[in-house]
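Keep in mind that this is a model prediction, so the values were computed, not measured. Keep in mind that the numbers below use all heavy atoms, side chains included, and drop hydrogens, waters and symmetry copies.
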Amino acid sequence: MKQYETVELTFHGPIFEGRCVDIDFNAAFSGNGQEQNVKGFYAGNGIYQVRFLPKSAGTYTYRLTGCIEEEGSLEIEPADAGRHGMVKAQGEHFCYEDGTPFYPFGTTVYALIHQPEELVDQTMDSLSKAPFNKLRFCVFPKSYDYNYNEPALYAFEKDAEGNWDVGRPCFAFWDELEKRIRELDRMGIQADLILFHPYDRWGFDSLTQKENLAYLDYAIRRLSAFPNIWWSLANEYDVSGKKLEDWEEIEAFVAEHDPWHHLLSCHNCFPIWDASRKNITHLSIQTKAFWNLAKLRETYHKPVVLDECCYEGNLPMYWGSISGHEMARRFWRAVAMGTYCTHGETFLDPGQDILWWAKGGCLKGESPARIAFLRQILESLPGPLEAIPPQIEGARNVASMPKEQQEEIFSHCEPIFRNVVTAVSRMSEQEMQDFLAAECYYQGHCKEDCYLYYYDTRTCAEDTITLPENGMYRVEVIDTWNMTRETVYERKNGRITITLPGREDMAVLAVRIED
């Protein structure tokens with residue numbers, strides 16, 4: 001048993017009859033400054049289990065009460081190399097418990113665990129070779145275009161009338177779900193588990209709130225000790241039949257009952273979930289307004305993950321037919337602004353009806369290789385990026401200053417800047433947003449340690465950037481599509497002009513090499 005890994009205690013007792021989702025089975029773990037109360041669960045066939053996630057190595061004691069009463073101790077060894085603990089939100093970015101930065105490069109396979117075993121195995125094999133370190137998928141099956149197959153297992157059994165009996169879990173289903181979560185963990189992939197969604201023909205979206213909470217209680221008892229779990233309350237919560245107060249109660253319930261307080265978000269279709277709520281750790285959003293990503297991060301002071309930005313594919317629908325070029329660009333746009341993006345793929349598979357975004361299988365697109373290239377670059381930087389505000393934002397700041405302060409600034413600027421400030425001071429908030437949407441610059445920095453300029457669809461022949469003069473920088477021109485890096489300056493600072501090839505998908509990266 002090791003630090004940052006799930007410890008599982010298993011006991012044999014009487015075969016439980018009737019409602020077993022909320023059995024009286026509790027455990028108190030203590031040691032190394034960690035005090036943790038955990039609920040156990042019934043796993044079927046007379047098996048009772050309780051799970052614990054140790055944060056440090058050493059000796060822990062435990063005391064079980066309720067339907068199993070026992071005391072004992074555990075010896076926890078130090079974490080294996082490469083094990084860093086749970087991912088947490090730290091300010092506007094993510095890191096593991098030991099402080100190692102985590103940059104989410106996700107993908108989506110909504111109905112992963114509702115496919116035949118051979119297909120799930122194929123998907124896992126594809127993931128093992130892909131650049132993704134986060135996977136979004138659902139607990140409940142999904143009924144939607146290109147996804148109408150009937151699963152072999154469901155989360156619950158049915159009663160004599162054919163209705164779902166939330167009090168009687170389908171243990172084979174939960175065993176299979178756990179098997180895949182553990183498999184993802186071994187691959188270093190976070191399981192961004194979607195707890196509810198509206199695309200349903202089985203009745204899961206219309207359970208009573210009492211049934212919803214009973215299901216959540218059982219899910220949390222079984223899954224919360226896995227280090228790679230993220231809770232996503234919903235995919236597109238706002239088109240579900242649930243009321244806002246239902247969602248708020250669900251959010252509070254998950255936050256209160258999860259002993260380890262995993263990352264928690266709620267994904268939208270239209271209005272973004274209120275990320276100022278204390279239980280929400282980060283924004284999981286659907287939007288095409290890339291110009292607004294940095295603003296969201298600055299507004300909520302939490303990490304922003306664009307978990308749905310359309311899919312690389314060839315479907316007739318708009319959302320499923322962007323090119324590999326465009327998918328790769330969306331990742332670069334998000335990352336340059338200090339936020340993160342999630343991949344999806346929707347290529348028609350004649351005769352098989354297997355789309356990655358719905359069922360998994362094999363990746364076919366051109367973007368994953370480019371996403372891997374970007375991930376390698378980002379993880380090599382001194383730290384996470386923050387957006388460099390476009391000049392117009394600087395003008396708005398000046399416009400709001402006292403006149404004397406403006407005059408001081410104007411004395412150091414070109415005369416035209418005064419006219420820019422005057423124009424900006426007359427803009428409404430909507431006008432400002434419209435302007436930025438049309439004139440967005442994708443550029444970020446990590447303090448004075450590095451600067452990234454992403455040119456997107458611009459075809460510049462050159463650009464001039466200004467680097468701090470109190471250090472030296474290595475400057476590279478990056479072709480983000482052809483995945484090449486060319487060093488154009490080994491040691492440079494101050495104002496420099498860089499020659500560019502005049503084509504799309506280029507970037508410039510300047511990394512400090514000495515003070």
Kindly indicate whether the side chain of [X], heavy atoms from C-beta on, has any atom under 4.5 Å from the side chain of [Y].
X: L195; Y: Y215; value: yes
X: W231; Y: L193; value: yes
X: Q190; Y: V87; value: yes
X: W260; Y: I229; value: no
X: E308; Y: N235; value: yes
X: E251; Y: I280; value: yes
X: H445; Y: E386; value: yes

Spacing of N212 atom CG and S206 atom OG [to the nearest 0.5 Å]: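 Between N212 CG and S206 OG, I get 9.5 Å after rounding to 0.5 Å.
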What is the distance from atom CG of N147 to atom SG of C138, rounded to the nearest 0.5 Å?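 Here the interatomic distance stands at 9.0 Å.
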So does E157 have more than 12 non-hydrogen atoms from other groups sitting under 6.0 Å from CD?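 Yes, the 6.0 Å shell around CD holds more than 12 heavy atoms from other groups.
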More than 12 heavy atoms of other residues, nucleotides or ligands under 6.0 Å from CZ of R63: yes or no? no
Between [X] and [Y], is the ring centroid distance below 6.0 Å?
X: Y154; Y: F140; value: no
X: F94; Y: H282; value: yes
X: Y42; Y: F11; value: no
X: F52; Y: F29; value: yes
X: F41; Y: W174; value: no

With side chain to side chain contact (heavy atoms under 4.5 Å, CB included) as the criterion, how do N45 and H12 come out once you've worked through the C-alpha distance, each side chain's angles and the decisive distance to 0.1 Å? CA-CA 9 Å; N45 297 319; H12 294 272; over 6 Å; no
Kindly say whether Y96 contributes a backbone atom to a donor-acceptor pair with the side chain of T100 at under 3.5 angstrom? no
Cation-aromatic face contact K302/Y300, 6.0 Å, 45 degrees: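 Not flagged: K302 not positioned over aromatic ring of Y300.
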Examine K364 relative to W356 and say whether NZ or CZ is less than 6.0 Å from the centre of the six-membered ring and inside a 45° cone about the ring axis.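 Geometry flag: not set, cation outside 6.0 Å or 45°.
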Using side chain to side chain contact (heavy atoms under 4.5 Å, CB included), reason through R168 and F156 one step at a time and then give a plain yes or no. CA-CA 6 Å; R168 294 171 54 231; F156 322 120; over 6 Å; no
Sequence-distant partners of D22, side-chain contact (heavy atoms from CB on, under 4.5 Å), two or more places apart: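 side-chain contact (heavy atoms from CB on, under 4.5 Å) check on D22 returns R19, D217, R221.
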side-chain contact (heavy atoms from CB on, under 4.5 Å) involving D200 - partner list, sequence neighbours excluded: W202, F204, D205
List in chain and number order the residues that pass ring-ring contact (aromatic ring centres under 6.0 Å, His included) with F132, two or more places apart in sequence or in another chain; answer none if no residue qualifies.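 Applying ring-ring contact (aromatic ring centres under 6.0 Å, His included) to F132 gives H343.
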Under 30°, 30 to 60°, or over 60°: which ring-plane class applies to Y199 and Y144, parallel, tilted or perpendicular? perpendicular
Walk me through whether F25 and L64 qualify under side chain to side chain contact (heavy atoms under 4.5 Å, CB included). CA-CA 7 Å; F25 184 20; L64 308 179; 4.3 Å; yes
Given C309, C310, P368, the one that forms side-chain contact (heavy atoms from CB on, under 4.5 Å) with M327: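 Running side-chain contact (heavy atoms from CB on, under 4.5 Å) over C309, C310, P368 with M327 returns exactly one hit, C309.
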Show the numbers, then the answer: is there a salt bridge (charged side-chain N to carboxylate O under 4.0 Å, His left out) between E97 and K88? CA-CA 7 Å; E97 285 180 283; K88 296 286 190 180; 5.6 Å; no
